[in-house]
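In this chain, residues are counted from 1 in sequence order. Both ligands and their constituent atoms are indexed starting at 1 by order of listing. Predicted model only: the values in this text are computed from it and were never measured. No hydrogens, no waters, no symmetry mates; every other heavy atom, side chains included, goes into these values.
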Amino acid sequence: MSKRKLGPSKARFVRAENSYEKLDDAGDEVVMVSSSSDSENEEPPAKKQKPLEQENSADSAPRDAMLENQDFIGFETSSGDENEEFDHQESPKISDSENEYLSNDETVYHTKSADYKAGNFNPKYPWIRNNDHSRQIEISDWLTMEIKDFIKYISPSAEEIKARNNAVGKLRDCITGMWPDAEVHCFGSFATDLYLPGSDIDMVVVSKARNNKYDNRSSLYQLSSYIRNHKLGVNVETIAKAKVPIIKFVDPATKIHIDISFERTNGIKAAELILSWLKDTPGLRELVLIVKQFLSVRKLNIVHTGGLGGFATICLVRSFLKLHPRVATKSIDPLENLGVLLIEFFELYGYNFGYDNTAIAFDEDGDPYYVPKDSNPAFQNRNPFTLAIQDPHDPGNNISRGTFNLRDIKRSFGGAFELLVNKCYEMNQATYKERLGQSVLGDIIKYKGKQRDFEDAREHVQNEALAFVSGESSRATSLPPLPSEQYTIISDSESESEYEKHLEQLYEKSQSKQPENKKNIDELMGLNGRESEVSSNSAASDSEQEKPSTSKLDKASRREYWLNKSGSF
Ligand SMILES: Nc1ncnc2c1ncn2[C@@H]1O[C@H](COP(=O)(O)OP(=O)(O)OP(=O)(O)O)[C@@H](O)[C@H]1O
Ligand SMILES: [Mg+2]
C-alpha cells in the first residue's frame, strides 16, 4: 500500500487574505504556493509566528460569518442526544471550559484546548488521548491519523454490539412469536457497520411467503400495541400515513431508537449493496462516519428537518471517492490520505458541486456518474438548488428529495473546508510546543458523551444484522479484510507523463462505459468552454452562476482540470 506523500515539493495551504472574510463567497480562493520557496522546509517548524487567531482577532466580521453559518451550533448535543445513548455513566465534568466552548467563542476554544497536554483526557477531543501526532511534518498526515483515531474511538465496543444484537433478537423473538410466518430483518447503518453510537436500528417485518401480508394498517397497529403493552419500547409512535408506514420507539434497555417498517425489502437490498461498496471502496467507512458525525452534531442529519440522511451521505462519499482521479487511478491509497480526502470532500460539496444542474446516479454495477438533472423527472424540483441522488436500485427515486436544507449543509461543508485549511496552515506554522494538545479534526468535529475506550470490537463480536445481510451469519468476524490493492506510486518526476496516461485511460474508460444518457463529467460540472476558469472552483454552477456552455473542452484543459482537482493538496 502506498501513501501519497504531501511532502515539501507539494503545494500547501496558504490563504491570500483573511480567510474568514468571504466565507459566503464561493469564489474565495485558496492560494496554493510551492513550499520550496518558504519556511516549510525548515525543520523542526520552531519558528514562532503569530497564530492565525490573533491575526484575525481584531476582525469581528469573520467570526460572525462563521457563526451565521451555524458552523458550531448544535455542538452541545446531537439529535436525540445521539452521543449520549450509551451514557450509562456520568459524562466527564467539563464545567467552565465547556461553557466557554458552547459560547461559540473560537478564541476561547482554541486557547483552552492548549491547556490539555497530550496523553491526558481532553473532553473536547477525547479521541486524541495517548495519540499525539503533533510532530507530523505534514499536517494532512496528522489529520489522517486523527481521523483513524476518531473512527477507532467511536467504533462499537463488544458491549454495544451485544446490546444491539440483544435488542434486535428480543424483538425478533416477540414478533415471530406473534406472527410465526414473519421474518424480521435489519437494514440501514446497523446492518452495514456504518452506525454512530447513537444511530437508530432500522428493522423490517417481511412475510415468509413474500405476499405482503403485513403491509397494512391493521398489522401496523397490532404490532405497535404489542410493543407498548409488553413494554418492548417506550415513546412508541405509529406513523401510518407516511409513504413507508413505520413504528418508531425507543428500546428501554439500550435507549436506542428503533424503526420498524413492513414488507419493504429494498432496505435489505441497499444494505447488501453498501456492504459491497465498503469492500471495494477503501476509505468509505472512515469518511462516511466522519461526515455523519459532522452532520449529526449540527443536526443536519435529520431528514424530516431537511437534513442529509445516512444513505444519502454514503452515496455522496462513494461518488466523491469513485470519481476522484487519484483514487480512481490508484495513484494514492485513500486510507493513507484520509485527511486530504476529507478536505477535498468538503471543498467539492461545499463549493464546487453543480447542485443546480447535476445529479448523482449509479450504473448497474453501482458505479457513480454525473447526469444532468433534466434527464430524469425524479430529479426535478421547483427549486433548482437541490441535491439529487438517484436510488441505486430505483431510478425513479431521488433518495435526497427530503434534503431541503441544502443551503445550510453546503455552507457547513464550505465552512469545514475553510476551518480545516486554516488549521492546517496554523499548525504548519506553529512550534511543536504550540501544537501539543491541539487537534486538527477537533475544529470541525465534536464528540460529547460517555468517555469511550478505543475498543473497536467488530473483529471479535459478530454483528448479527451485518452477518445476515452479508450472508455470513455464522462467521465470527465482521467484514472480511479489504482485498489488498496495488497502488501506483507516482513520483513528482514521473507524474507528468505517467499521470497523464492514467487520466487518459480513466477518461477513455468513463467515455466507453457511459450509457446514452450519461454525459461528460466536465460538461456537467460546467467546465466546457470555460478554459480560463479551469480551477477547482470553476465547477460550481449554482443558480447565481453562469450556465455551462455546450462546446467541447479541449484535451489540455480537461487534463488541467483533473490535475487541479486532484493535485490541490
Ligand atoms: N429516501 C430514501 N429512499 C430509499 N431508501 C431509503 C431512503 N432513505 C433511507 N432509505 C433506506 O433506509 C435505510 C436507512 O436509512 P437512514 O437514512 O436511516 O440511514 P442509515 O445508514 O441507517 O443512517 P443512520 O445511522 O443515520 O441511521 C437506507 O440504508 C436505505 O436502505
Ligand atoms: Mg438508520
Side-chain angles (χ1 to χ4, degrees), residues 78-83 85-86 151 154-156 160 164 167-168 185-204 206 239 242-251 254 256-278 284-285 287-318 359-362 366 378-379 381 386-404 409 463 465-466 468-470:
S78 59
S79 63
D81 292 333
E82 287 177 0
N83 291 334
E85 299 290 347
F86 282 91
I151 298 303
I154 50 111
S155 286
E160 285 168 347
R164 281 173 177 262
V168 170
H185 301 299
C186 288
F187 61 101
S189 59
F190 180 45
T192 52
D193 257 352
L194 288 173
Y195 58 99
L196 295 172
S199 285
D200 65 3
I201 296 178
D202 301 287
M203 298 176 73
V204 59
V206 191
I239 302 168
K243 195 175 157 199
V244 180
I246 51 169
I247 305 169
K248 288 175 97 64
F249 58 97
V250 176
D251 175 57
T254 59
I256 294 174
H257 293 246
I258 297 180
D259 285 0
I260 301 185
S261 55
F262 295 81
E263 303 286 8
R264 301 281 196 293
T265 50
N266 53 352
I268 302 170
K269 265 174 74 186
E272 286 167 3
L273 181 71
I274 293 165
L275 284 183
S276 74
W277 287 356
L278 286 165
L284 181 64
R285 179 168 189 271
L287 292 183
V288 164
L289 289 175
I290 293 282
V291 175
K292 279 178 75 164
Q293 179 72 8
F294 173 85
L295 292 168
S296 167
V297 294
R298 289 160 177 81
K299 297 185 175 152
L300 289 172
N301 63 328
I302 306 163
V303 177
H304 68 259
T305 55
L308 191 67
F311 192 26
T313 302
I314 294 165
C315 292
L316 279 190
V317 177
R318 157 93 173 166
I360 294 170
F362 295 89
F379 302 146
N381 192 301
T386 51
L387 180 61
I389 304 173
Q390 190 182 77
D391 186 333
H393 287 131
D394 179 3
N397 180 30
N398 170 11
I399 63 163
S400 54
R401 67 185 177 281
T403 304
F404 56 81
I409 292 166
N463 169 343
L466 183 147
F468 175 81
V469 172
S470 64

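Not one N or O of Asn266 is nearer than 3.5 Å to an N or O of ligand 1, by distance alone. Taking only nitrogen or oxygen atoms, main chain and side chain alike, Asn398 does not reach within less than 3.5 Å of ligand 1. Taking only nitrogen or oxygen atoms, main chain and side chain alike, Asp391 does not reach within less than 3.5 Å of ligand 1. At least one N or O atom of Ile399, backbone or side chain, sits closer than 3.5 Å to an N or O atom of ligand 1. An N or O contact shorter than 3.5 Å links Gly310 to ligand 1 by distance. Of the polar atoms of Tyr195, none of the N or O atoms is found under 3.5 Å from an N or O of ligand 1, judged by distance alone.
Listed by number with element, the atoms of ligand 1 under 4.0 Å from a non-hydrogen atom of Ala270 are 31 (O). Per-residue contacts place Ser199 under 4.0 angstrom from the following atoms of ligand 1 (heavy atoms of the residue considered): 24 (P), 25 (O). Each of the following atoms of ligand 1 lies closer than 4.0 Å to a heavy atom of Arg401: 1 (N). The contact set between ligand 1 and Gly267, taken as ligand atoms under 4.0 Å from a residue heavy atom, comprises 31 (O).
Classified by interplanar angle (parallel below 30°, tilted 30° to 60°, perpendicular above 60°), the ring pair Phe190/Tyr195 is perpendicular.
Distance alone, capped at 3.5 Å, places no donor-acceptor pair between the Asn398 side chain and the Gln390 backbone. Using modelled atom types, no side-chain atom of Thr192 and backbone atom of Ile274 make a donor-acceptor pair closer than 3.5 Å. At least one donor-acceptor pair closer than 3.5 Å links the side chain of Arg318 to the backbone N or O of Gly366. The backbone N or O of Gly306 sits nowhere less than 3.5 Å from a side-chain atom of Thr403 that would complete a donor-acceptor pair. The main-chain N or O of Ser199 is never found under 3.5 Å from a side-chain atom of Lys292 such that the two would form a donor-acceptor pair.
Only the side chain of Asn397 comes within 4.0 Å of ligand 1, judged by heavy-atom distances. Residue contacts with ligand 1 for Phe190 are absent, since no atom lies close enough (heavy atoms, distance under 4.0 Å). Contacts between Val303 and ligand 1, counted as non-hydrogen atom pairs separated by less than 4.0 Å, are absent for every part of the residue.
The protein non-hydrogen atom at the shortest distance from atom 12 (O) of ligand 1 is Phe187 CE1, 3.4 Å. For atom 23 (O) of ligand 1, the closest non-hydrogen atom of the protein is Lys292 NZ, 3.2 Å. If you check which protein heavy atom lies closest to atom 29 (O) of ligand 1, you get Gly188 CA, 3.8 Å. Protein heavy atom nearest atom 30 (C) of ligand 1, with residue, atom name and distance: Phe311 CD2, 3.6 Å. Shortest contact from atom 27 (O) of ligand 1 to any protein heavy atom: Asp200 OD1, 2.8 Å. Counting protein heavy atoms only, atom 22 (O) of ligand 1 is closest to Ser189 N, 2.8 Å. The protein atom (non-hydrogen) at minimum distance from atom 18 (O) of ligand 1 is Asp202 OD2, 3.7 Å.
The shortest non-hydrogen separation linking Ile389 to Ser400 is N-OG, 3.3 Å. Nearest heavy-atom pair, Arg164 versus Leu196, reported as atom, atom and distance to 0.1 Å: NH2-O, 3.6 Å. Taking all atoms of both residues into account, the shortest heavy-atom contact from Lys243 to Arg264 is O-NH2, 3.2 Å. What you find for Phe262 and Ile260 is that their closest heavy atoms are CE1-O, 4.0 Å. Of all the heavy atoms in Ile399 and Ala312, the pair that sits closest is CD1-CA, 3.7 Å. Closest approach of Ser155 and Glu160 over heavy atoms only: O-OE1, 4.2 Å.
Take the N/O/S atoms of Asp202: the one nearest the Mg ion (ligand 2) is OD2. The N, O or S atom of Asp200 with the smallest distance to the Mg ion (ligand 2) is OD1.
Expressed to the nearest 0.5 Å, how far CE of Met203 lies from CD1 of Ile268 amounts to 10.5 Å.
Not one N, O or S atom of Asp259 sits under 2.8 Å from the Mg ion (ligand 2).
Of the protein's heavy atoms, none falls inside 4.0 Å of atom 8 (N) of ligand 1.
In this structure, a donor-acceptor pair under 3.5 Å is present between the side chains of Asn463 and Asp193.
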